[in-house]
Structures are given as structure tokens and as C-alpha cells.
Amino acid sequence: MNPQVLKKEDKLRKRYEFITLSEFGEKKFYKNIIIIYRKNDLSNSRIGITVSKKVGNAVVRNKIKRIIREFFRKSRMLYNNNYDINIIVRKKIKNCDHSDLKKELELFQIKIGK
RNA sequence: GGAGUAGACCAGACGAUCGCUGGCUUUGUCGUUGACAAGGCUGGAGGAAAGUCCGAACACCACAGGGCAGGGUGCUCCAUAACGUGGAGUCACGGUGACGUGAAGGCAAGUGCAACAGAAAGCAAACCGCCUCGCCUUGGGCGGGGUAAGGGUGAAACGGUGCGGUAAGAGCGCACCAGUUCUCCGGGUGACCGGGGAAGCUGGGUAAACCCCACCCGGUGCAAGACCAAAUAGGGGAGUGCUUGAGGGCGGCCCGUCCGAGCUCCCGGGUAGGUCGCUAGAGGUGUCGGGUAACCGGCAUCCCAGAGGAAUGAUCGUCGCCCCCGGUGCCGGGUAACCGUCCGGGGGAACAGAAUUCGGCUUACGGGCUGCUCCGACC
RNA sequence: GGGCCGUUAACUCAGUCGGUAGAGUAUCUGCCUUUUAAGCAGAGAGUCGUUGGUUCGAGUCCAACACGGCCCA
């Protein structure tokens, strides 16, 4: 399987999936993001991204989502594990750049991977 | 060169690598349509996609026809599927001008409103005045009448100026000007414009006050709506069964034993979920013709996003644009400071993301281009 | 995506038919009390969300915009 692919099966897509995850999942707080994660019964991991309207307009929100998806696409962690993950972006992200966001995602990757 | 004004235009470009998503197609597996996997070709945000301020298409609901209520629009003619939109004009206002702005019907249909000030705020009236008559009478005061020129108040005070006239005055009369109504002539499809005559002195403001007049409008919105349809609960029908035992448990079968009033099938509604609606259209581009124009018609040609926690991205390289800093060989402008030019380094690149689809409006915002106007300098 | 509502003092709200913007809480000052609280008296605090328009005059009427909130599967 191509390691740099992020398809529909690898995303959280339904409202009840997000709700049950936030009810039973573990939460990690970082400066710019909050990560909720939980083991699932599938063979692959699934990712969801939540960006509130308070963060910015549609262009800004889409840009943040694309950057986060790009990070998970390039990292292999989704194929070695079976987690449901939700990334919630906090308002403060307006004041930081992309490299800070990447550092926090890498911290989470080290924590969960292996 | 500066300031301004109107119009049309672009929305960084190219390449490489890794990805997302729609369509078509080839091969393989399961195999009835079809589903999955791999590969190939190809399409993939905007001028505002935004705000949701209007108008439609489309869908469902309601509806014989008409009226009332309610809402909207409001100079004229034209355009259009329709509009509160657009085009061309009229009038008014602003600007030296190019040009811009205008909810621009009716307060001589009715009703209402106008704080404070002022005598008086709507159709007549009179505070200080002015004039006159009577009484008291030194000055002057009191009372009756006339008057609206002057003063004062106010956002606004009942046509303006001049002459005549008068006791003082007044459209009381006259001349000119402004306005109203009626009428005639000419131009224009029309709003209206130009010119002549008569009347009467003139009946103020506010309709984004109620209202009157003319015209238009049924409601809800793709989360409209149509179809397929789990699980669970419950509804209807048929069959069978209730101690003569349906059905279930004791690993399969029979016997036995235990529990025991339901069990089986069909139908309809309908939730999660899925499919359709979903993109070929009042479509784009070019050209010819009609029209001042908006726009309309003919012909040719093209197919140009369809997602659904929501697709257009990331990284790198080259070039182009803007800003800042440093240097200054040549050249140009300037008395000079400096600016342009050239080289090197650093930074930045606006507003903003389709969500059923169109026609507009409004708001946000980067850039250069063209026409025109005014001002300044030179020839 | 579509529909609906609101914005007035630091906070919560009134404001009729356009004519000098009010109330309660809070704050401050004084009185009372040994002191605090309570009570009494007084004071300060307003671009009425923003910008235009109508009007002599706008919190109120009209238009555009901004911000906040609610509903519809």
C-alpha cells in the first residue's frame, strides 16, 4: 500500500463518531491544539479535524485543515495503529506559524507511536 | 507634472515531486445489473463564490370567482422570464469642470403634528409700534377704532422690489419679477420644454405622519421534495396453539425431563443510513444583422466544479511585481538635498472558498490600462 | 444552505403618537453606628452598535453595514 495516501476510510465522517470520541477518548492539551484519541475496532486509524468559526473565516479554516491533513498523510502512524483521532484547533493558532503546529503534532506522534 | 472623474480589464506565470476529488476507459477478482483493486486519459472556485437586500426558475402545500385586510413599488419611455434591476431621457440639487446624486405621485380629498421662544404656528389674530377719535390734561395717561410698513421671536410669520396712494397703512392701484389655476399655438411616443393670453392676489412645512391614487404580490423553501430501507419498539391481517401442549433449553437425532403462552408468515407507516433532485443553462465564445443604448435575433462552435466533518493543497526551483537597507562604475533630471537607472541582501503579495441554479443590488479589496476635465510649467 | 430576532450608563432593562434620555444594581462622598452590613441623603458615569438620509429637530422614521444570539435535518 502506498504510504502517502489519505482516503475517505481514514477520516472521521459522522457526527455521532465525533460525539462518542469526545465522550470516551483521552485528551491531550497543547498550546495551539487539543487532541482526543481512542482505540477503535478497525484495521486502520481515522482522523477528524475540528476548527471553530472563532478561528477565522472559511479560507483560514480550510488552510489549517489542509496543513494538518498533509502532516498525517506524510507520517506513517495511521497505518501502524488503529486509533480514532480528533484534532481541535484553538483560537490562539492565529498568532503562530506552521512550524509551531508541526512541532506539537510531532510531540503527539512520539507519545502515541510505539 | 499634480489633482480629479468615467469606463473596460487582470486576479502572479512556468516546471518537477507527493497527494485530494468528479467523469470516461483498460485489465484483474467476485460475478445478473454492479462492487472492489491497479493503471491510463481528462475536468476541478470568484469578481465578488460573501452579505442574504430584491427578483425568478424548480418543488411541495393551499386555491371556483371576486373583495377586504396586510406588504411592496412610485417622474417618463423602453428592455427583460421577472425585479426595488438596467438603458435612454425630463426635472431638481451639488461641483469651476469632466461628472455625480435623487423613495422625484398627491398636503388648493380629509385628519393630525410643530418642543422652546414668540402677540400669534394655520386662519385668522395684534406685544412694542404707527395713525385717529373721546375723556382727564403741564409732560403724559386711560379707553374705543383703524393698520400690518417697521421692531422683536423662531427652523418656519401669509409673495418680493420700486412708484403711486393714504390720517397711518395695506395687491388698495400700477410696472417688473416669482408662483398658482385655466386656456391657445409649436416641438416631443411621453415626462416635459419654448412662446402668447386671462384670472386672482397667492390657498406655508411635514405623506422615510395616518392616509388618498395608480400598479404589483397565495405560503414555504433543495434542511423543498421523490425513492430504497436496517436495528428496536409498537399497529393491522391470516394461520396455528393454550394442559388433548405451539415454541424453546438439556452440543446432532429419538425417548425422557424442565420452562411454558405465545409462535410463524404477510402488509402498511417510518428512524439511522443510502440513492435521486445535482448540474446543458433565460449557458459561454466568435461573427453578422436590428436598436442611441440596455437588449434582441440568425449562424457557427464549445461542454466548462459537483463536494457532503465538505475536494483545488504541500515542498522545491526559475522568472516577474511591490517595499526596506547597503553600495555607487556609466547615464538622465535638479543650485542642492535627492530621485530614476545598475548591483547585492532581506521581507511581502490584497479581499476572500462553490453547497439547487440563474438575473441584479450592496459591501470588502490588490494592480496596472484608456478616455475626459481642471490647475501649473515650457515651446 | 435557509429563516428569524436583538444592540440604550460598568451590569440588567424602560423609553407611548419624533421635541432637554430614565429606573434598579454596582461605584464614590457624607450622615448614622465602637466598626462592618443594612438604612438615609447626594454625586459621577451615555458618540443611544456604525455610517448616511428624511425633518426645523431623530434613541424613535428610512436605507446600507457591523457585531451578538435563536430556529429548521
Side-chain angles (χ1 to χ4, degrees):
Chain A
M1 191 193 266
N2 193 324
Q4 298 197 343
V5 169
L6 194 68
K7 291 228 154 222
K8 274 184 186 174
E9 296 80 49
D10 307 321
K11 294 191 222 166
L12 289 176
R13 293 167 65 85
K14 293 294 166 194
R15 181 172 165 78
Y16 65 88
E17 293 173 344
F18 280 88
I19 289 171
T20 51
L21 178 59
S22 60
E23 236 176 276
F24 300 108
E26 287 185 60
K27 292 169 188 172
K28 289 280 169 208
F29 292 85
Y30 296 93
K31 201 174 174 185
N32 297 309
I33 52 175
I34 300 169
I35 299 176
I36 308 177
Y37 62 100
R38 181 197 186 200
K39 283 252 183 198
N40 62 19
D41 303 327
L42 305 171
S43 60
N44 58 331
S45 289
R46 296 186 299 175
I47 179 177
I49 306 163
T50 302
V51 188
S52 147
K53 255 189 179 175
K54 290 173 183 174
V55 173
N57 59 23
V59 174
V60 173
R61 295 200 304 270
N62 274 342
K63 191 122 186 159
I64 291 167
K65 285 184 190 175
R66 282 165 184 160
I67 289 164
I68 293 172
R69 270 204 301 274
E70 189 73 8
F71 176 84
F72 278 93
R73 185 173 70 77
K74 287 192 169 168
S75 74
R76 291 169 150 268
M77 64 187 276
L78 292 179
Y79 301 98
N80 302 330
N81 297 297
N82 54 330
Y83 281 103
D84 282 348
I85 303 163
N86 186 17
I87 314 282
I88 298 171
V89 178
R90 311 176 88 172
K91 268 195 281 186
K92 297 171 191 167
I93 204 162
K94 280 189 273 190
N95 306 322
C96 79
D97 59 356
H98 301 167
S99 58
D100 289 342
L101 180 60
K102 272 188 182 171
K103 271 181 205 161
E104 292 184 356
L105 287 169
E106 277 162 11
L107 279 176
F108 173 71
Q109 190 180 14
I110 290 161
K111 183 122 186 160
I112 201 171
K114 202 50 63 188

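Just so we're clear, the structure is a prediction, and the values are computed from it rather than from any experiment. Letters A, B, ... mirror the listed sequences (proteins, then strands); counts begin at 1.
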Student: On the nucleotide B/C18, are OP1 or OP2 found under 4.0 Å from the side-chain N or O atoms that A/Arg69 carries?
Tutor: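 It does not, given that no N or O in the side chain of A/Arg69 lies less than 4.0 Å from OP1 or OP2 of B/C18.
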Student: Taking only the C1' atom of each, what is the distance from B/G291 to B/U80 in whole angstrom?
Tutor: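 15 Å, rounded to whole Å.
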Student: Of the options A/Glu70, A/Lys63, A/Arg69, which is the one that meets A/Arg66 in a side chain to side chain contact (heavy atoms under 4.5 Å, CB included)?
Tutor: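 With A/Arg66 as partner, A/Glu70, A/Lys63, A/Arg69 yield a single side chain to side chain contact (heavy atoms under 4.5 Å, CB included), made by A/Arg69.
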Student: For the side chain of A/Lys63, starting at C-beta, report the closest nucleotide among B/U312, B/A314, B/G309.
Tutor: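 Among B/U312, B/A314, B/G309, the one nearest the side chain of A/Lys63 is B/A314.
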Student: I need the NZ-C1' distance between A/Lys65 and B/U21, as an integer number of Å.
Tutor: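 Answer to the nearest Å: 16 Å.
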Student: Do A/Phe29 and A/Ile36 sit in one hydrophobic cluster, given that two such residues count as connected whenever their side-chain heavy atoms are within less than 4.5 Å of each other, even indirectly?
Tutor: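 Yes; tracing contacts between hydrophobic side chains, which count when under 4.5 Å, links both residues.
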Student: Give none if C/G52 has no partner; otherwise give the nucleotide forming a Watson-Crick or G-U wobble pair with it, both distances under 3.5 Å.
Tutor: C/C62
Student: For the residue pair A/Val51 and A/Ile68, establish whether any side-chain heavy-atom pair is separated by less than 4.5 Å.
Tutor: no
Student: Is there a Watson-Crick or G-U wobble partner for B/G320 with both distances under 3.5 Å, and which nucleotide is it?
Tutor: none
Student: Tell me whether B/G140 sits syn or anti, counting syn as a glycosidic angle within 90° of 0.
Tutor: anti
Student: Quantified in whole Å, what is the C1' atom distance between nucleotide B/G160 and nucleotide C/U51?
Tutor: 41 Å
Student: Name the closest nucleotide to the A/Glu70 side chain, picking from B/A314, B/U312, B/G309.
Tutor: B/A314
Student: What distance separates A/Lys11 NZ from A/Ile47 CD1, expressed to the nearest 0.5 Å?
Tutor: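 A/Lys11 NZ to A/Ile47 CD1: 10.0 Å, rounded to 0.5 Å.
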Student: Tell me if B/U363 is syn or anti. Syn = glycosidic torsion within 90° of 0, anti otherwise.
Tutor: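 That one's anti.
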Student: Does C/A37 have a Watson-Crick or wobble mate here (both distances under 3.5 Å), and if so which one?
Tutor: none
Student: Does B/A207 have a Watson-Crick or wobble partner in any strand here, with both distances under 3.5 angstrom, and which is it?
Tutor: none
Student: Name the pairing partner of B/G326, where a pair is Watson-Crick or G-U wobble with both distances under 3.5 Å, or state none.
Tutor: B/C343
Student: Rounding to an integer number of angstrom, what distance separates B/C172 and B/C91 when you compare their C1' atoms?
Tutor: 38 Å
Student: Hey, could you give me the CD1/OG1 distance between A/Ile33 and A/Thr50, rounded to the nearest 0.5 Å?
Tutor: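 That separation rounds to 12.0 Å.
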Student: Rounding to an integer number of angstrom, what distance separates B/C322 and B/G368 when you compare their P atoms?
Tutor: 8 Å
Student: How far, in whole Å, is B/G23 from B/A280 if one measures between their P atoms?
Tutor: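 Pairwise P distance, B/A280 against B/G23, rounds to 13 Å.
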Student: Nearest heavy atom decides the nucleotide; on that basis, is A/Val59 or A/Thr50 closer to the 5' end of RNA chain B?
Tutor: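 By nearest-heavy-atom nucleotide position, the 5'-most residue is A/Thr50.
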Student: Would you please indicate yes or no on a ring centroid separation below 6.0 angstrom for A/Tyr37 and A/Phe108?
Tutor: yes
Student: Any idea if B/U279 is syn or anti, going by the 90°-from-0 cut?
Tutor: syn
Student: Say we look at B/G290 and B/A6: how far apart would their P atoms be, to the nearest angstrom?
Tutor: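 Comparing P positions in B/G290 and B/A6 gives a spacing of 33 Å.
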Student: Give none if B/A294 has no partner; otherwise give the nucleotide forming a Watson-Crick or G-U wobble pair with it, both distances under 3.5 Å.
Tutor: none
Student: May I have the distance from A/Asn57 (atom CG) to B/A354 (atom P), rounded to whole angstrom?
Tutor: 10 Å
Student: Expressed as a whole number of Å, how far does the P atom of B/G97 sit from that of B/G87?
Tutor: 24 Å
Student: Quantified in whole Å, what is the P atom distance between nucleotide B/A48 and nucleotide B/A354?
Tutor: 16 Å
Student: Can you measure from CD1 (A/Ile34) to NZ (A/Lys28) and round to the nearest 0.5 angstrom?
Tutor: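 Result: 13.0 Å between the selected atoms.
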Student: Quick one: A/Phe72 CZ to B/A314 C1', roughly how many Å, whole number?
Tutor: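 Distance, rounded to whole Å: 16 Å.
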Student: Once you apply the 3.5 Å cut-off to both distances, tell me the Watson-Crick or G-U wobble partner of B/U285, or none.
Tutor: B/A300
Student: Report yes if at least one side-chain N or O of A/Arg61 is closer than 4.0 Å to OP1 or OP2 of B/G309; otherwise report no.
Tutor: no
Student: Mind calculating the distance between CZ (A/Arg66) and P (B/A311) to the nearest angstrom?
Tutor: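 Result: 6 Å.
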Student: Check the distance between B/G308's P and A/Phe18's CZ and give it to me in whole angstrom.
Tutor: 14 Å
Student: Does B/G203 fall in syn (glycosidic angle within 90° of 0) or anti?
Tutor: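 That one's syn.
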Student: Kindly label the base of B/A45 as syn or anti, based on whether its glycosidic torsion lies within 90° of 0.
Tutor: syn
Student: Applying a 3.5 Å limit to both distances, which nucleotide forms a Watson-Crick or G-U wobble pair with C/A21?
Tutor: none
Student: Specify the separation, in whole Å, of atom NZ of A/Lys11 and atom C1' of B/C20.
Tutor: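 Between C1' of B/C20 and NZ of A/Lys11: 7 Å.
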Student: Heavy atoms only, 4.0 Å cut-off, all strands: where does A/Asn62 land among base, sugar-phosphate and nothing?
Tutor: base
Student: Rounded to the nearest 0.5 Å, how far apart are CZ of A/Arg38 and OH of A/Tyr83?
Tutor: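 Answer for the CZ-OH pair, A/Arg38 versus A/Tyr83, is 12.5 Å.
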Student: Nearest whole Å is fine: how far is B/A314 C1' from A/Arg73 CZ?
Tutor: 7 Å
Student: Could you say whether A/Gly48 or A/Ala58 is positioned toward the 5' end of RNA chain B, judged by the nucleotide with the nearest heavy atom to each?
Tutor: A/Gly48
